[in-house]
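Beneath this line is the structure, given in structure tokens, with notes to follow.
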Amino acid sequence: DAKTTQPTSMDCAEGRAANLPCNHSTISGNEYVYWYRQIHSQGPQYIIHGLKNNETNEMASLIITEDRKSSTLILPHATLRDTAVYYCIVSDNFNKFYFGSGTKLNVKP
Amino acid sequence: EPEVTQTPSHQVTQMGQEVILRCVPISNHLYFYWYRQILGQKVEFLVSFYNNEISEKSEIFDDQFSVERPDGSNFTLKIRSTKLEDSAMYFCASLPLRTQRTEAFFGQGTRLTVV
């Protein structure tokens with residue numbers, strides 16, 4: 001089962017930063033934190049992942065707390081096209097990802 | 001950008017019929033997966049495949065399901081005798097290496113409707 005807890009939904013104003021939290025208090029030492037998103041019923045899209053250091057790519061930043069029990073995905077300047085369900089997943093391999101219910105992010109004009 | 005291609009995008013079939021869902025993974029990828037998502041529900045893992053055999057499967061993946069890589073490019077999911085509850089989006093994914101340092105690429109899915 002999913003080992004993460006995320007808020008069901010969040011709103012964000014267009015152009016503002018969207019900060020999506022995730023709790024993973026039972027994460028083990030070799031498990032990475034992955035973020036994917038799903039726009040409508042399209043295939044999940046990879047965003048970012050990390051182990052313990054903060055990560056940044058062209059899409060987003062990932063902030064992982066020092067104890068690794070929680071993380072935050074940051075979309076620095078949300079656009080309407082970022083409206084999607086965002087999934088936080090912890091895994092030590094990709095043989096089977098457990099997708100939870102995710103956070104429905106609504107970006108509003 | 002490379003992408004995973006799935007066909008058809010939508011398939012309607014009668015209950016009891018066999019269906020084959022097709023996927024073309026990214027060409028240099030080695031690990032292949034099927035997931036499904038029943039409308040309004042979570043994305044669920046079905047099966048993983050590597051080196052021409054199943055690596056792992058979920059309890060959903062019963063004897064009605066099978067996977068195959070018939071040639072160097074296609075990866076298929078067969079449902080032998082479809083049931084109404086098989087109606088879902090089916091997503092194929094591929095991965096070049098099964099390590100934490102790589103991202104999985106998902107296809108856009110096949111919507112299967114069993115009537």
Side-chain angles (χ1 to χ4, degrees), chain A residues 1-9 22 24 27-53 55-60 62 64 68 71 73 84-104, chain B residues 1-6 9-10 21 23 25-26 29-50 53-61 87-113:
Chain A
D1 282 11
K3 297 170 64 174
T4 61
T5 305
Q6 299 177 252
T8 303
S9 66
C22 179
H24 30 80
I27 193 170
S28 60
N30 58 342
E31 287 182 314
Y32 279 63
V33 179
Y34 296 82
W35 283 84
Y36 280 76
R37 72 181 182 184
Q38 189 176 26
I39 298 172
H40 294 299
S41 294
Q42 297 178 22
Q45 177 190 22
Y46 168 84
I47 302 172
I48 200 167
H49 74 287
L51 182 62
K52 52 186 176 182
N53 297 321
E55 302 286 345
T56 295
N57 63 21
E58 64 279 1
M59 285 183 72
L62 173 61
I64 302 174
R68 302 208 323 123
S71 60
L73 177 75
V85 178
Y86 287 77
Y87 299 100
C88 169
I89 301 167
V90 297
S91 179
D92 59 359
N93 66 65
F94 191 70
N95 224 20
K96 47 183 176 181
F97 270 5
Y98 289 110
F99 287 82
S101 300
T103 295
K104 176 72 165 70
Chain B
E1 186 175 294
E3 61 178 15
V4 175
T5 306
Q6 292 187 241
S9 56
H10 190 190
L21 309 183
C23 169
I26 295 170
H29 286 193
L30 301 176
Y31 296 88
F32 314 109
Y33 308 83
W34 284 100
Y35 284 75
R36 79 170 186 190
Q37 186 175 32
I38 295 170
L39 185 64
Q41 298 187 23
K42 301 174 186 178
V43 178
E44 302 172 288
F45 167 78
L46 290 178
V47 66
S48 59
F49 190 86
Y50 169 69
E53 60 183 30
I54 290 173
S55 304
E56 193 160 352
K57 59 184 180 180
S58 71
E59 57 190 28
I60 302 169
F61 194 88
S87 294
M89 286 289 291
Y90 287 81
F91 297 108
C92 173
S94 71
L95 198 68
L97 299 168
R98 206 187 75 191
T99 76
Q100 296 92 336
R101 290 175 177 76
T102 57
E103 62 180 275
F105 291 80
F106 283 80
Q108 290 306 297
T110 293
R111 180 175 299 284
L112 176 65
T113 303

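All chains are named by letter (A, B, ...) in the order of the sequence lines, taking the proteins before the strands, and each is independently numbered beginning at 1. As a basis for the values below, the full set of heavy atoms in this structure was taken, side chains included, without hydrogen atoms, waters or symmetry mates.
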Original post:
Just by distance, do the side chain of A:Tyr34 and the backbone of B:Glu103 share a donor-acceptor pair under 3.5 Å?
Top reply: no

Original post:
Which answer fits B:Phe105, side chain, backbone, both or neither, if we ask what part of it has an atom under 4.5 Å from a heavy atom of chain A?
Top reply: neither

Original post:
How long is the span from the NZ atom in B:Lys42 to the OG atom in A:Ser101, to the nearest 0.5 Å?
Top reply: 4.0 Å

**OP:** Side chain from CB out, backbone as N, CA, C, O: work out which of these in A:Gln38 comes under 4.5 Å of a heavy atom of chain B, or both, or neither.
**Re:** side chain

Original post:
About how many Å separate CD of A:Gln42 and CZ of B:Phe91, when rounded to the nearest 0.5 Å?
Top reply: 8.5 Å

Original post:
Heavy-atom count around B:Lys57 NZ within 6.0 Å, excluding the residue itself: above 12?
Top reply: no

Subject >> Contacting moiety of B:Gln37, where chain A heavy atoms sit under 4.5 Å >> reply: side chain

**OP:** Please check if the distance between the ring centroids of B:Phe106 and A:Tyr46 is under 6.0 Å.
**Re:** no

Subject >> Closest non-hydrogen atom pair, B:Val43 against A:Phe99 >> reply: O-CB, 3.5 Å

Subject >> Partner set under side chain to side chain donor-acceptor pair (under 3.5 Å) for A:His40, not counting sequence neighbours >> reply: none

Subject >> Pairwise distance OH(A:Tyr98) to OG(B:Ser58) - rounded to 0.5 angstrom >> reply: 8.5 Å

**OP:** Apply side chain to side chain donor-acceptor pair (under 3.5 Å) to B:Arg36 and list each qualifying residue two or more places apart in sequence or on a separate chain.
**Re:** B:Glu44

